[in-house]
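Because the structure is predicted, anything quoted here is derived from the model rather than measured. Reminder, nothing fancy here: chain letters follow the sequence lines and each chain counts from 1.
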Number of protein chains: 2
Amino acid sequence: MNLEQVARRAKVSTATVSRVLNNASVVKNSTRTRVVKAIEELKYYPNLHARSLAGGKSRTIGVIVSNLENPFFFDIYKTIESDARGRGYEVVMANTDYRSEQLVSSIRLMIGRRVAGLACIVSEMAPELLAELDQSHIPVVFYDVGTPRPNITNIRVNYRRGIEKVVDYLHSLGHRKLGFIGHHAILGPINERMKAVMDAVARIPSLEVRAAADADTLEGGRQATRALLSTGFEPTALICVNDITAVGALRELRERHIGVPRDMSVTGFDNVKLSEFCYPALTTVHIPRERIGHIICDCLAPQPGKPAATDPEVVIDPELVLRDSTGPAARATP
Amino acid sequence: MNLEQVARRAKVSTATVSRVLNNASVVKNSTRTRVVKAIEELKYYPNLHARSLAGGKSRTIGVIVSNLENPFFFDIYKTIESDARGRGYEVVMANTDYRSEQLVSSIRLMIGRRVAGLACIVSEMAPELLAELDQSHIPVVFYDVGTPRPNITNIRVNYRRGIEKVVDYLHSLGHRKLGFIGHHAILGPINERMKAVMDAVARIPSLEVRAAADADTLEGGRQATRALLSTGFEPTALICVNDITAVGALRELRERHIGVPRDMSVTGFDNVKLSEFCYPALTTVHIPRERIGHIICDCLAPQPGKPAATDPEVVIDPELVLRDSTGPAARATP
DNA sequence: AGCCCTTCTGTCAGCGCTTACAAAATGCCG
DNA sequence: CGGCATTTTGTAAGCGCTGACAGAAGGGCT
């Protein structure tokens, strides 16, 4: 089923069919009707590949995410999708699962698809990939990978500031020994977040911290907590890298009959919906995911009216949200 | 950047470049090396649109999901993705958010992309869309929409049986007044699941049930629970349409200081990871999501060796998983 | 050296669509 | 009714790639 068949049936040329398809330029009303009828009768749908090949553009934006299962990423994705759709763009998504080979192949896939713009919401980015991206001339937005350059926007969350707020708050509650539940991906060599924790703690001499990490999942949070608690270090508060791992931590603590927040305070990060629904509701740090999604779309899917935004860097400031998982440090055990 | 430029640089014809790209047929080793070098130097990535246009096939399978945010769907998606990748297929996903216009446009999008196969994991399907799908000659697998036909496989979960198990179990614990927390999408006209509950309850004369529904989210589960409890009906157990809404229900009950399972039993459905991690851990019904994903991929992404599976219908039998959110019915309140 | 078979490479016609550009149809006016 | 501006339609050249086919190289044999 192709343009030509539709054209034949409507007794017009393929160009005319193309015109009504793109409701571009002028087509006499009677002709248009005829064509539309033919299209419907034949249940014709234009071959998108041919279209973007011929048109030289794709009106598609690509989104690469490390872990769409984490609602934090999902919320961003969803915002991008609905914004993009509103502007007449399609979205194609690739989930890397924190695996770097997947990142590589996803990026190449997106380049191969000649996407009009690419959002990389991943936690690592090899320099060679950056080079490839540069070559491709595709506008790119990164989330938190920290390398603004021409044609590339970077959205950075001031994680450092968020962690400081958490640490200060816990300190004010009397906590002195803190645990940090991270996840593999951000405990890599260039580990902004881990450093943020260390630095925040280092500001306050009386504070002590120990970290453990696992996958960015419920189970991972639980495992890391288990690992941390079996080292002999006895924290009175657990700072979790995000809400999901925090819920995993809660589970492990429950198993060990460690009361939260009576015996142990726990904090999350992101302020995902689940953080209100778990028990106890998590004290966490809010990151405006929808705003991030909007910004990304503004950069990648320009509307007819205004041009694409092109700030090299956007910084987001996070905010502490107090709920029930934190409380005063228990007295030192007798 | 295109084939021709690479060809020129490697001093060969475009056909040869194409050949090394598809590592098809024979290319002299020295030539291959030269071409590979040119490709790398130029950071060339084939235009996928041109490729599938010329080749007439796409090696891409489409997945349409109502709500990827629900881990149940996500797990299926993830399995499909990794299976497909293993067989050399790409996956494109569309999330409909339970909105029928989105379903329509997603299906057309997939047809337009000429996907090699399509998985529809959605809860409704207008007959006209089925007709369009038929026309397109794309192999399709439905999850639980109940319309096997030529070229279309349907995977059905024996929800009826699962619900019966839940109802019987609650009945055996002494519960007589049951609440059902559904969600909009499945409370539509053809509502298999709602009927399943009604029928399961109808088998046992002493049982009574009342239902409420909202979105398929944490918040939706909470709202529906609130609505149900404010009708004056006083159930001692809540059957939730899935684990996510069940977690929403738990939250509302906590707010009302209704103890689970002391004052109220709660059951979920799906046995999503979260159901073990919430508090109290949910009694639920296990549905083998990975198995579903594998079956889907077997139908849509045939491997060189064996041909695609084409059973018209596959039925999955669910199993009860007992955890902490259910217990004996409280004595009648004095 | 001449022949034939094999291996390798090049040529070229599409795939289904868009988009100048050209051609045809229409409308308006004097 | 001819002439011209305007609207509407058709023609055809690609877009970047694949794949059938044909042609060129190379090798072994007599």
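- The backbone N or O of Leu3(B) sits nowhere less than 3.5 Å from a side-chain atom of Thr14(B) that would complete a donor-acceptor pair.
- In this structure, Leu3(A) places its CG atom 13 Å from P of dG10(D), rounding to the nearest Å.
- Between Leu48(A) atom CG and dT18(C) atom P the separation is 10 Å, expressed in whole Å.
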Scoring nucleotides 21-28 of chain C by protein non-hydrogen atoms under 4.0 Å (B base, S sugar-phosphate only, - none) yields --------

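- For Ser13(A), no side-chain nitrogen or oxygen approaches OP1 or OP2 of dT11(D) to under 4.0 Å.
- The listed nucleotides are dT11(D), dT19(C), dG16(C); the one nearest the side chain of Lys57(A) is dT19(C).
- Between the CG atom of Asn2(A) and the P atom of dT18(C) there is a distance of 12 Å, given to the nearest Å.
- Regarding Arg114(A), its CZ atom lies at a distance of 18 Å from the C1' atom of dT18(C), rounded to whole Å.
- Residue Asn47(B) places its side chain closer to dG16(D) than to any other of dG16(C), dT9(D), dG16(D).
- With contacts defined as side-chain heavy-atom distances shorter than 4.5 Å, the pair Arg87(B)/Cys297(B) qualifies.
- How far CZ of Arg289(B) is from CD1 of Ile76(B): 8.0 Å, rounded to the nearest 0.5 Å.
- Following rounding to the nearest Å, His49(B) (NE2) and dT18(C) (C1') show an atom-to-atom distance of 15 Å.
- Tested against Phe142(B) for a side chain to side chain contact (heavy atoms under 4.5 Å, CB included), the candidates Thr153(B), Leu130(B), Ile155(B) yield a single pass: Leu130(B).
- A residue-by-residue look at Leu53(B) and Val12(B) shows that Val12(B) has its nearest nucleotide of DNA chain C further toward the 5' end.
- The rotation axes computed at either terminus of the helix from dA1(C)-dT30(D) to dG30(C)-dC1(D) lie 50° apart, taking five pairs at each end and rounding to 10 degrees.
- At least one donor-acceptor pair closer than 3.5 Å links the side chain of Asn95(A) to the backbone N or O of Leu68(A).
- In this structure, Arg32(B) places its CZ atom 12 Å from C1' of dC8(C), rounding to the nearest Å.
- Taking every side-chain heavy atom of Thr16(B) into account, dT9(C) is the closest of dT9(C), dT18(D), dT9(D).
- Across the interface with DNA chain C, nearest-nucleotide mapping of Thr31(B) and Val17(A) shows Thr31(B) to be the residue nearer the 5′ end.
- Closest to the side chain of Ala15(A), from the set dC17(C), dT18(D), dG10(D), is dG10(D).
- Computed from coordinates, the Arg59(A) CZ to dC17(C) C1' distance equals 17 Å when rounded to whole Å.
- Here dA24(D) presents its C1' atom at 19 Å from NZ of Lys11(B), a figure rounded to the nearest Å.
- Of the candidates dT8(D), dC17(D), dG16(C), dG16(C) carries the atom nearest the Ala54(A) side chain, counting heavy atoms from C-beta on.
- When each of Arg113(B), Met93(B), Glu90(B) is tested with Val92(A) by the rule side chain to side chain contact (heavy atoms under 4.5 Å, CB included), just one qualifies, namely Arg113(B).
- We find the CD1-CD1 distance between Ile111(B) and Ile138(B) to be 5.5 Å, quoted to the nearest 0.5 Å.
- Checked against dT11(D), dT18(C), dC17(D), the side chain of Pro46(B) finds its nearest nucleotide in dC17(D).
- Here Ile295(A) contributes atom CD1 and Asp83(A) contributes atom CG; the two are 11.0 Å apart, rounded to the nearest 0.5 Å.
- Taking only side-chain atoms of Thr14(B), from C-beta outward, the nucleotide of dG16(D), dC12(C), dG10(C) with the closest atom is dC12(C).
- The environment of Glu290(A) atom CD is sparse: at most 12 non-hydrogen atoms of other residues, nucleotides or ligands sit within 6.0 angstrom.
- Looking at Ile121(A) and Ile80(A), their side chains come closer than 4.5 Å, going by heavy atoms from C-beta outward.
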